[in-house]
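Taking it in order: structure first as structure tokens, then the write-up.
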Amino acid sequence: MTEKSYTDAVSENLAEIERHICDAASSVGKKREDIILLAATKTVPPEIINHAINSGIKYIGENRVQEFLSKEMDILPTVHRHFIGHLQTNKAKDIVGRVAMIESVHSLKLANLIGKLSCDLGIETDILLEVNIGKEENKSGFMKEELDEIIPQIAKIDGVNLRGLMTIPPICEKKTEIIPYFEEMYKLFIDNRAKKIDNVSMEYLSMGMSSDYAEAIKCGSNLVRVGTSLFGKRNYK
Ligand SMILES: *Cc1c(COP(=O)(O)O)cnc(C)c1O
């Protein structure tokens, strides 16, 4: 495929995703602007990411620290950058201060470290807590039963702003099988929002990827992370 046809494909994909987001949002009484579309950009070269940004993408998410750093300077500065992958504590120093949000906070230790690194830089870092909603052994994230205890502790950490929850549900064969996980996440989100804990603003519920973002929006997601449907197939997850 030539460069030109790849960018054309991305533009067409984006138009289709926009339509699906609009439809899903309006089916639950929301507007397009109530939903954030984040482009998951792992493996995608900076020139294609910049094309997506020029076509309207305002948020991007990277998974790997090394890849994030190697592309950072070549990506248009206007875009909001989120870190969405597994963040090891020894790599947190490379990410804090360089992203608008870390969506994948999976431990109290990591939250404390992000807080300390942020304070050292004189900034605050927005974070989401990753919830392992399917209780999968090979996945990181908090168990839903831990949240009642963890959220007030994270709320007290200087340098971090807890802004919501994120999840990657188990891979399901049928689309309908994923809906109970989304519903459970929405309940956690609403319940914790209702508690109005100081220093916690439960604004974002980040769930939904290429295969299920419309269902996620219908279940209350307001931040969808889309890679494959926008950029095409990758050779790694
Ligand atoms: C890759 C990735 C996505 C996007 O997945 P697609 O199925 O390609 O849309 C979303 N969230 C996270 C955390 C990812 O790693």
Side-chain angles (χ1 to χ4, degrees), residues 6 9-10 12-21 24 35-46 48-49 52-53 55-71 75 79-88 91-92 95 99-107 110 126-134 136 138-142 163-175 177-179 181-182 185 189 204-237:
Y6 188 11
V10 169
E12 282 167 24
N13 292 343
L14 179 56
E16 190 180 325
I17 293 164
E18 282 291 340
R19 279 196 302 277
H20 288 153
I21 292 177
I35 313 294
I36 291 176
L37 167 60
L38 175 142
T41 50
K42 55 184 178 258
T43 77
V44 181
I48 302 299
I49 298 173
I53 295 167
S55 308
I57 287 291
K58 296 185 180 68
Y59 295 81
I60 60 169
E62 279 287 345
N63 284 69
R64 296 184 177 187
V65 173
Q66 216 40 58
E67 188 178 342
F68 170 82
L69 295 173
S70 74
K71 294 198 272 191
I75 292 172
V79 77
H80 299 276
R81 295 152 202 244
H82 288 193
F83 193 78
I84 61 174
H86 184 77
L87 184 57
Q88 290 169 297
K91 302 236 174 98
I95 289 298
V99 295
M101 184 184 278
I102 300 173
E103 293 199 15
S104 40
V105 174
H106 54 78
S107 70
L110 178 61
D126 285 350
I127 63 166
L128 304 182
L129 300 186
E130 182 170 356
V131 181
N132 184 353
I133 198 67
E136 293 171 280
N138 58 347
K139 233 172 229 173
S140 50
F142 295 100
R163 308 287 301 268
L165 305 177
M166 177 269 214
T167 198
I168 309 170
I171 294 169
C172 298
E173 273 181 25
K174 292 193 213 112
K175 271 192 187 182
E177 291 170 26
I178 206 162
I179 288 173
Y181 295 114
F182 287 157
M185 282 299 302
F189 176 67
Y204 299 110
L205 178 57
S206 175
M207 61 184 190
M209 315 203 301
S210 288
S211 55
D212 51 32
Y213 62 90
E215 285 75 15
I217 290 168
K218 289 176 193 168
C219 293
S221 168
N222 55 16
L223 199 175
V224 292
R225 310 176 309 266
V226 178
T228 312
S229 292
L230 182 57
F231 297 115
K233 280 214 173 74
R234 307 175 288 272
N235 48 17
Y236 81 78
K237 288 266 172 190

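Whatever order the structure lists ligands and atoms in, that order sets their numbers, starting from 1. Any value given below was found using the heavy atoms of this structure, including those in side chains, with hydrogens, waters and symmetry copies removed.
For ligand 1, the atoms lying closer than 4.0 Å to a non-hydrogen atom of I168 are 13 (C). Heavy-atom proximity to N63, at under 4.0 Å, picks out these atoms of ligand 1: 14 (C), 15 (O). Each of the atoms 6 (P), 7 (O), 8 (O), 9 (O) of ligand 1 lies under 4.0 Å from some heavy atom of S210. Distances below 4.0 Å separate heavy atoms of V226 from the following atoms of ligand 1: 9 (O). For ligand 1, the atoms lying closer than 4.0 Å to a non-hydrogen atom of R225 are 4 (C), 9 (O), 10 (C), 11 (N), 12 (C), 13 (C). Heavy-atom contacts of A40 reach the following atoms of ligand 1: 3 (C), 4 (C) (cutoff under 4.0 Å). Atoms of ligand 1 lying under 4.0 Å from any heavy atom of K42, numbered from 1 in the order shown and given with element: 1 (C), 2 (C), 3 (C), 14 (C), 15 (O).
For Y59 and H82, the side-chain atoms include no donor-acceptor pair closer than 3.5 Å.
No donor-acceptor distance shorter than 3.5 angstrom exists from the side chain of S104 to the backbone of H86, with no hydrogens or angles considered. Between the side chain of K139 and the backbone N or O of I168, at least one donor-acceptor pair lies under 3.5 Å.
The SG atom of C219 lies 10.5 Å from the CD1 atom of I217; values are rounded to the nearest 0.5 Å.
Considering backbone and side-chain atoms alike, I84 places every N or O at 3.5 Å or more from each N or O of ligand 1.
In summary, R64 and E67 do not engage in a salt bridge, as defined by a charged side-chain N under 4.0 Å from a carboxylate O.
Here the side chains of Y213 and S221 are not in contact, with every heavy-atom distance at 4.5 Å or above.
Contact detail for N222 and L205: the closest heavy-atom pair is OD1-N, 2.8 Å.
Contacts between T228 and ligand 1, counted as non-hydrogen atom pairs separated by less than 4.0 Å, involve both the backbone and the side chain. At a heavy-atom cutoff of 4.0 Å, ligand 1 is contacted by no atom of L230, backbone or side chain.
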